[in-house]
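Since the model is a prediction, treat every value here as computed from it, not as a measurement. Atoms within each ligand, like the ligands themselves, are counted from 1 in listed order. Any value given below was found using the heavy atoms of this structure, including those in side chains, with hydrogens, waters and symmetry copies removed.
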Amino acid sequence: MKKEMPSWLESAIFYQIYPQSYNDTNGDGIGDIKGIHEKLDYIQQLGVNAIWINPCFESPFKDAGYDVSNYYKVAPRYGTNADLEELIKESNSRGIRVILDLVPGHTSMDHAWFQESQKAERNQYTDWYIWNDSVWADQEPGLNITRGYAERNASYIANFFYFQPALNYGFAHPDPDKPWQQPVSAPGPQAVIQEIKHIIAFWLERGASGFRVDMASSLVKRDPGKIETGKIWQDIRAWMSEHYPEAVLIAEWGVPAQALQSGFHVDMLLGGYHNPGLTSLFRKRGIGMHRDPYGWSFFDEAGHGDITQFVDEYTQQLEQTQALGYMGIITGNHDEHPRIADGKSMEMMKLVYLFLLTMPGTPFIYYGDEIGMTYVHGLASKEGGYERTGVRTPMQWQDSLNAGFSTGSPEKLYLPVSESYPAVNVANQLADPSSLFNTVRHLISIRKSHPALQAESAFSVVHAQAGELPFVYQRTRADETYLVALNPSRNEVHYTFKLEHNPKEISSLFAQNGAFRLVDNQMTLDLGLVSGLLVKLSS
Ligand code: NOJ
Ligand code: CA
């Protein structure tokens with residue numbers, strides 16, 4: 001076990017819930033906290049032991065809640081603080097941890113702090129945001145300056161969309177000619193850091209088990225190598241380890257070595273330019289927000305994918321991070337598009353989960369991906385979603401009005417339900433023992449009952465070659481080795497290799513269209529079309 005890691009993290013499997021689209025209990029067309037509560041049986045049945053809820057705090061919802069106007073208050077459309085506390089309590093009693101979404105880099109323009117900060121008269125919040133010293137000043141390269149909003153004669157810097165003004169954590173190397181660029185040690189940034197700790201403590205005291213941290217690397221401006229931003233997180237981590245040793249910090253950073261050096265327990269692998277190898281696994285060229293520079297996905301029936309793009313990147317990152325924390329492979333999230341099931345058969349999706357649930361680190365399953373929901377094309381942008389909107393449609397519970405998501409009238413729904421719902425829904429899949437849901441559930445239970453398959457155990461590649469299948473790797477702990485073989489292609493493949501030791505016992509834990517033969521020390525994997533194996537060897 002790594003130093004100072006929350007004890008539950010090693011076996012954690014996360015399920016991400018976009019609250020507005022999960023389950024609506026009052027018919028207003030928007031999912032709510034009580035809706036999540038009502039589905040805890042389902043979540044427990046799936047077997048995940050942690051959920052991450054996208055921001056559920058008061059907000060004008062111009063960016064789906066990533067524009068917070070009060071960090072201490074649940075958005076009325078989702079319910080009350082008491083509802084959230086109840087949900088956390090009930091989840092915890094079922095062995096399910098609850099992670100909230102912390103947005104430390106910016107607030108909504110509607111936030112009272114920003115409204116005070118933009119005033120001409122100096123006040124407590126004047127330096128909580130980044131303002132230059134004249135509304136007429138030139139643009140700043142690399143910073144997103146908006147002119148003409150404030151009463152004070154200054155422009156503010158936004159972090160993402162224009163309505164998300166950046167909180168002031170200072171500049172790594174303030175320009176001496178521009179005194180408005182403050183060092184991290186200035187009173188404004190220090191007050192902001194204190195406030196962030198206060199928010200963290202507030203929700204941890206109410207039972208939350210930690211946070212997914214939005215744009216975690218964005219805090220300090222013009223911070224090459226993220227050195228100063230890293231120091232802030234190291235300080236927050238040290239403070240948390242002392243007061244809340246079982247709480248977790250999970251970064252949206254995308255550079256695991258940097259994020260974990262900075263004190264995060266987990267960094268999510270996001271695809272895109274930071275982790276192109278991850279994109280090469282799941283998302284084909286030309287469809288995603290981040291174009292895949294490598295061409296074919298590995299999980300594609302054509303079998304043109306090249307697993308070495310992922311393996312080279314991943315093994316290097318694993319080496320850099322292994323002493324520090326975990327990486328999180330995600331099926332998707334509310335930003336990543338299309339959904340992972342797009343262009344994949346249910347059989348292929350089962351292989352995806354065989355992979356996800358036997359890899360090191362902490363796996364993340366995005367709601368709906370456990371039943372193979374797909375991207376909805378052609379939707380008007382909702383709450384700043386743009387292309388992301390199509391991965392945010394309501395959860396498909398059953399083949400009835402609004403797919404069982406809401407009793408409201410269909411025009412009132414947060415987003416329309418995907419037309420796929422009569423075929424792809426929870427009720428169907430619960431009833432079918434060979435469904436994707438039941439396969440995911442089975443693989444989750446295997447991971448939970450075999451520590452060798454969890455976050456920490458050793459990972460080594462047995463066979464990963466460009467232009468060749470299968471991909472074979474193993475996970476090892478003490479005298480147990482677990483062999484995973486994947487053949488996503490529509491071709492049969494056979495692979496023979498020599499085991500180091502003759503195993504005392506050998507058993508198949510999972511097989512799809514494949515089998516193994518062991519003769520002396522020679523292991524042969526016979527892999528049919530779109531096939532996978534999970535074999536346990538004890539020595
Ligand atoms: C990352 C979040 O995941 C995304 O949805 C949001 O728009 C930006 N950060 C800005 O907070
Ligand atoms: Ca509702």
Side-chain angles (χ1 to χ4, degrees), residues 14 16-39 52-57 59-69 71 74-80 83-84 87 99-109 111 144 157-167 196 211-219 250-254 259 267-272 274 289-290 328 330 332-337 364 366-367 381-392 394-395 397 402 404-410 412-415:
F14 286 86
Q16 179 190 346
I17 296 178
Y18 188 69
Q20 46 272 64
S21 296
Y22 202 59
N23 184 30
D24 170 25
T25 53
N26 62 353
D28 68 354
I30 302 179
D32 39 56
I33 305 279
K34 284 206 170 99
I36 301 173
H37 199 132
E38 206 176 84
K39 295 297 182 184
W52 150 33
I53 306 173
N54 283 103
C56 56
F57 309 107
S59 165
F61 291 103
K62 288 194 159 120
D63 185 17
Y66 284 97
D67 46 337
V68 178
S69 55
Y71 290 88
V74 166
R77 76 182 200 183
Y78 295 139
T80 62
D83 293 338
L84 181 56
L87 170 67
I99 306 295
L100 301 174
D101 207 316
L102 179 70
V103 188
H106 49 269
T107 69
S108 159
M109 291 176 88
H111 200 297
N144 187 354
I157 287 165
N159 235 16
F160 195 68
F161 291 136
Y162 79 91
F163 50 78
Q164 290 161 318
L167 282 160
I196 292 299
F211 298 87
R212 175 269 189 185
V213 180
D214 185 69
M215 287 176 71
S217 64
S218 75
L219 306 190
I250 299 171
E252 186 208 25
W253 194 304
D267 187 26
M268 283 189 264
L269 296 178
L270 297 172
H274 281 317
M289 169 154 57
H290 311 294
I330 64 173
N333 63 28
H334 58 292
D335 297 329
E336 203 79 33
H337 61 90
F364 284 78
Y366 182 52
Y367 86 96
S381 177
K382 177 84 176 182
E383 297 187 346
Y386 302 98
E387 290 94 330
R388 307 177 293 181
T389 306
V391 300
R392 300 175 172 184
M395 180 67 177
W397 295 104
N402 301 328
F405 159 70
S406 169
T407 55
S409 66
K412 258 180 47 188
L413 300 192
Y414 176 76
L415 280 171

TODO: Could you go through the salt bridge (Lys or Arg N to Asp or Glu O under 4.0 Å) check for D101 and R212 one step at a time?
DONE: CA-CA 5 Å; D101 207 316; R212 175 269 189 185; 3.1 Å; yes

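Sorted by chain and number, the residues within 4.0 Å of ligand 1 by heavy atom are D63, Y66, H106, F160, R212, D214, M215, E252, H334, D335, R388, R392.
Of all protein N/O/S atoms, those under 3.0 Å from the Ca ion (ligand 2) are D24 OD1, N26 OD1, D28 OD1, I30 O, D32 OD2, and waters are not counted.
For the side chain to side chain contact (heavy atoms under 4.5 Å, CB included) test, residues two or more places apart in sequence or in another chain that qualify with P165 are T107, M109, F114, Y129, Y156. Residues that satisfy the side-chain hydrogen bond (donor to acceptor under 3.5 Å, both in side chains) test with H106, not counting sequence neighbours, are N159.
Using modelled atom types, one finds no donor on one side chain facing an acceptor on the other under 3.5 Å when comparing Y366 with E336. Under 3.5 Å, the side chains of Y18 and N333 contain no donor-acceptor pair of N or O atoms. Counting only N and O atoms by type, the side chains of Y22 and D32 include no donor and acceptor under 3.5 Å apart.
With H334 as the fixed residue, the ring pair (Phe, Tyr, Trp, His ring centres under 6.0 Å) test singles out one of Y66, F364, Y367: Y66. Screening P19, S406, P394 for a side-chain contact (heavy atoms from CB on, under 4.5 Å) with D24, the sole residue that qualifies is S406.
Under 4.0 Å is where a charged nitrogen must lie from a carboxylate oxygen, and between D83 and K34 at least one such pair does.
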